Structure formats: C-alpha cells, structure tokens
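Written below as structure tokens is the structure these notes are about.
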Amino acid sequence: MYTATVKVFRYEPGVDEQPRYDQFQVEVKKNMTVLDALFQIIEEHDPTISFRCSCRLGMCGSCGMMINGRGRLACRTKIEKLGDEITVEPMRNMDIVKDLVVNMDNFFHAYQKVMPYFVPKDDKQEFAIIPPNSGRREIIDKNQDCITCGLCYQSCDAVTFRGEGFIGPAGLARAYTLIADERDGAREERLDLVTSDSGAFGCHSFGACVEVCPKGIQPMVTIQKLKEKKLRKTLGLKW
C-alpha cells in the first residue's frame, strides 16, 4: 500500500468563475482503480465531486474521462500502473455539466446521423445467419463490441477542428458495420450519407481513436474501408 496524489478537475458552469484542480491523498490498495479512488475521495474527503459510473466492469462506458492526459474508463484503469500522481479531467469535445460529468448530446446526435440500425431489404426478408467462418462478415463482429463510451469521439482531433457537425469515429464505425452487412437494405444510402467532409473523408487518420478504445476496436481502419467503398462505387466497381 502507498499514498497517491489525485488531482481532480472541478468546475460547475454558472457557479464557478474558473475551473480549478482539487488535490487529494488516496491510500492505494492492490488492484485499486481510478474509480475506486474517486469513491474513496467522496467518502473520506469531499462528497460534492461529480462523476458518472454504473457497471464498474468496463461494459457500460459511463465512466469515461481523461486520466493523466488520456481518455480511459476509470473502472478499468488501475492506479498502480499510473504512478503516484494522477490527474483526472472531463472528456474533451463535450460541454461540462459539472466536474467530470459532460453533456454527451453532441456525441449521440452525431451517432444518430448514420442511421445506426439495421434496415431490412423488404418486409418479407428472412434474417439469415452469416456463418462466422464464411469470410463475409469482414470486421463486423469486432465492431459490435462498441459500448458508445465516447472516448474515441473525445480524443478525435477532427471533431475538435470541425466541431459537432463531424460524425466522429464511433458513428462511422457503426455505419461501416451495417454497410458491410449484405442483408442491410440501406447500404447505398448509408454509404453516401457518411462519405462526405463531415464523415469519412473528414478523417485525417491521426489514430487517437484506436489508441483509446477500451474494446480494442479500430475505427480508423473502418473509416479507411468506407473511403475505399465510396471510391469503388464512384468508379462503378463492386463495393
């Protein structure tokens, strides 16, 4: 056991004039996470700190935040791997509600732009199963692990530069998952929708989305595939 210093970003719009950092000393136990530390701070030091959490298992994605300058899930980030000084801040590219809590409306509005739902080709379509070993699933399986935590969106410099009009990595990865599904009836419409400056061609391949994804998804790869499909479609080739 050792003592770690945790600096927590504090700011409530309309109440505080400027953001500040409050510093706390936390007794670190084996396998203790940043989320555990925040709960310890609330219980022993300051009960007014605001943050989100739910499952504590890395499944819901609600505890996404900036930890030592990188987007992470607090429930899956162990303090022992960070050292004895930890800085916790809210996610970027989103408005702050209070302290570590951000308004994710822009993220979900961008996600909705890609029509993130399956569209049957006709009312009588049979939902045939695509065999996992058929080679026809491409990277659909991997992308379905997305928990919409928003970490890729908050880390995306294209979102920072282009603003809320840019769809972002999570939405584009979801779009590709559906476009790559041969059973979907909106593949062509969806491809045209997401291949513009506000979509796939607005991505500059910085790769931050790949670095922060807690599920190991690679949105940048799927975005490149979207660009390829659009170019092939434009040239009249099979896509």
Side-chain angles (χ1 to χ4, degrees), residues 1-13 15-16 18-104 107-108 142-157 159-160 168-170 173 206-219:
M1 182 182 295
Y2 66 95
T3 300
T5 300
V6 181
K7 292 173 61 179
V8 181
F9 179 95
R10 306 298 304 276
Y11 180 61
E12 183 175 1
V15 176
D16 300 323
Q18 295 291 334
R20 71 180 191 276
Y21 289 86
D22 288 349
Q23 189 167 295
F24 305 93
Q25 299 300 310
V26 174
E27 293 297 322
V28 181
K29 303 175 182 177
K30 185 176 177 59
N31 292 324
M32 187 175 184
T33 67
V34 171
L35 186 60
D36 294 329
L38 289 173
F39 274 114
Q40 186 181 123
I41 291 170
I42 280 183
E43 293 168 1
E44 300 178 3
H45 302 284
D46 187 344
T48 67
I49 293 176
S50 296
F51 58 90
R52 286 195 182 106
C53 69
S54 184
C55 73
R56 303 186 74 166
L57 296 171
M59 296 175 62
C60 70
S62 59
C63 65
M65 57 188 71
M66 291 281 284
I67 301 173
N68 282 5
R70 178 177 176 177
R72 313 172 197 250
L73 294 181
C75 72
R76 304 301 291 172
T77 304
K78 294 185 178 180
I79 291 182
E80 59 196 48
K81 295 183 178 180
L82 299 173
D84 57 6
E85 292 188 3
I86 298 128
T87 301
V88 186
E89 301 166 297
M91 291 195 291
R92 299 187 311 140
N93 293 332
M94 304 179 206
D95 294 331
I96 297 170
V97 176
K98 184 177 183 292
D99 300 337
L100 305 175
V101 179
V102 296
N103 185 333
M104 296 186 66
F107 167 74
F108 286 111
K142 187 70 173 178
N143 282 0
Q144 290 193 55
D145 290 338
C146 176
I147 56 176
T148 58
C149 62
L151 287 176
C152 62
Y153 186 88
Q154 75 91 34
S155 299
C156 180
D157 289 323
V159 173
T160 305
F206 293 134
C209 56
V210 177
E211 293 180 4
V212 302
C213 180
K215 292 299 182 180
I217 298 171
Q218 298 183 332

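As the structure is a prediction and not an experimental result, all values here were calculated from the model.
- In this structure, the separation between SG on Cys156 and CZ on Phe206 is 8.5 Å, given to the nearest 0.5 Å.
- For the atom pair OG of Ser50 and CD1 of Ile96, the computed distance is 12.0 Å after rounding to the nearest 0.5 Å.
- Note on Lys98 versus Asp16: no salt bridge recorded, every NZ/NE/NH1/NH2 to OD/OE distance being 4.0 Å or above.
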Side chains of residues 209-217: which donor-acceptor partners sit under 3.5 Å, not counting sequence neighbours?
from   : atom 1 : to    : atom 2 : distance (Å)
Lys215 : NZ     : Gly58 : O      : 3.3

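- Here Arg92 contributes atom CZ and Tyr153 contributes atom OH; the two are 11.5 Å apart, rounded to the nearest 0.5 Å.
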Using a 3.5 Å cut-off and no angle test, enumerate the donor-acceptor pairs between side-chain atoms of residues 81-90 and protein atoms at least two apart in sequence or in another chain.
from  : atom 1 : to    : atom 2 : distance (Å)
Glu89 : OE2    : Tyr21 : OH     : 2.4

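- Contact of the Leu100 side chain with the Val8 side chain is registered, since non-hydrogen atoms from C-beta on lie closer than 4.5 Å.
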Candidate pair Ile42 and Phe51, rule side chain to side chain contact (heavy atoms under 4.5 Å, CB included), full reasoning | CA-CA 10 Å; Ile42 280 183; Phe51 58 90; 3.2 Å; yes
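- Side chains of Leu73 and Ile147 form a contact here, defined as non-hydrogen atoms less than 4.5 Å apart.
- For Asp95, the salt bridge (Lys or Arg N to Asp or Glu O under 4.0 Å) test picks out no residue, with sequence neighbours left out.
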Show me, pair by pair, the donor-acceptor contacts under 3.5 angstrom made by side chains of residues 25-38, not counting sequence neighbours?
from  : atom 1 : to    : atom 2 : distance (Å)
Gln25 : OE1    : Thr5  : OG1    : 3.4
Gln25 : NE2    : Thr5  : OG1    : 3.1
Glu27 : OE2    : Thr3  : OG1    : 2.9
Asn31 : OD1    : Lys78 : NZ     : 3.0
Thr33 : OG1    : Leu35 : N      : 3.4
Thr33 : OG1    : Asp36 : N      : 3.1
Thr33 : OG1    : Asp36 : OD2    : 3.1
Asp36 : OD1    : Arg56 : NH2    : 2.8
Asp36 : OD2    : Thr33 : N      : 3.0

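- Summarising the geometry, atom CD1 belonging to Ile49 is positioned 12.5 Å from atom CZ belonging to Phe9; distances are rounded to the nearest 0.5 Å.
- Sorted by first and then second residue, the salt bridge (charged side-chain N to carboxylate O under 4.0 Å, His left out) pairs with a member in residues 64-73 form an empty list; sequence neighbours excluded.
- In this structure, the side-chain hydrogen bond (donor to acceptor under 3.5 Å, both in side chains) partners of Asp46, at least two apart in sequence or on a different chain, are Arg10, Thr48.
- At a threshold of 4.5 Å between non-hydrogen side-chain atoms, the residues Gln18 and Tyr11 do not count as touching.
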Please walk me through it: do Asn103 and Met94 pass side chain to side chain contact (heavy atoms under 4.5 Å, CB included)?
-> CA-CA 6 Å; Asn103 185 333; Met94 304 179 206; 5.8 Å; no
Given Asn93 and Phe107, is the side chain to side chain contact (heavy atoms under 4.5 Å, CB included) satisfied, shown in steps?
-> CA-CA 9 Å; Asn93 293 332; Phe107 167 74; over 6 Å; no
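- With values rounded to the nearest 0.5 angstrom, Met91 atom CE is found 7.0 Å from Cys149 atom SG.
- The distance from the CE atom of Met66 to the CD atom of Gln154 is 5.5 Å, given to the nearest 0.5 Å.
- Between Val6 and Ile41 the shortest side-chain heavy-atom distance falls below 4.5 Å.
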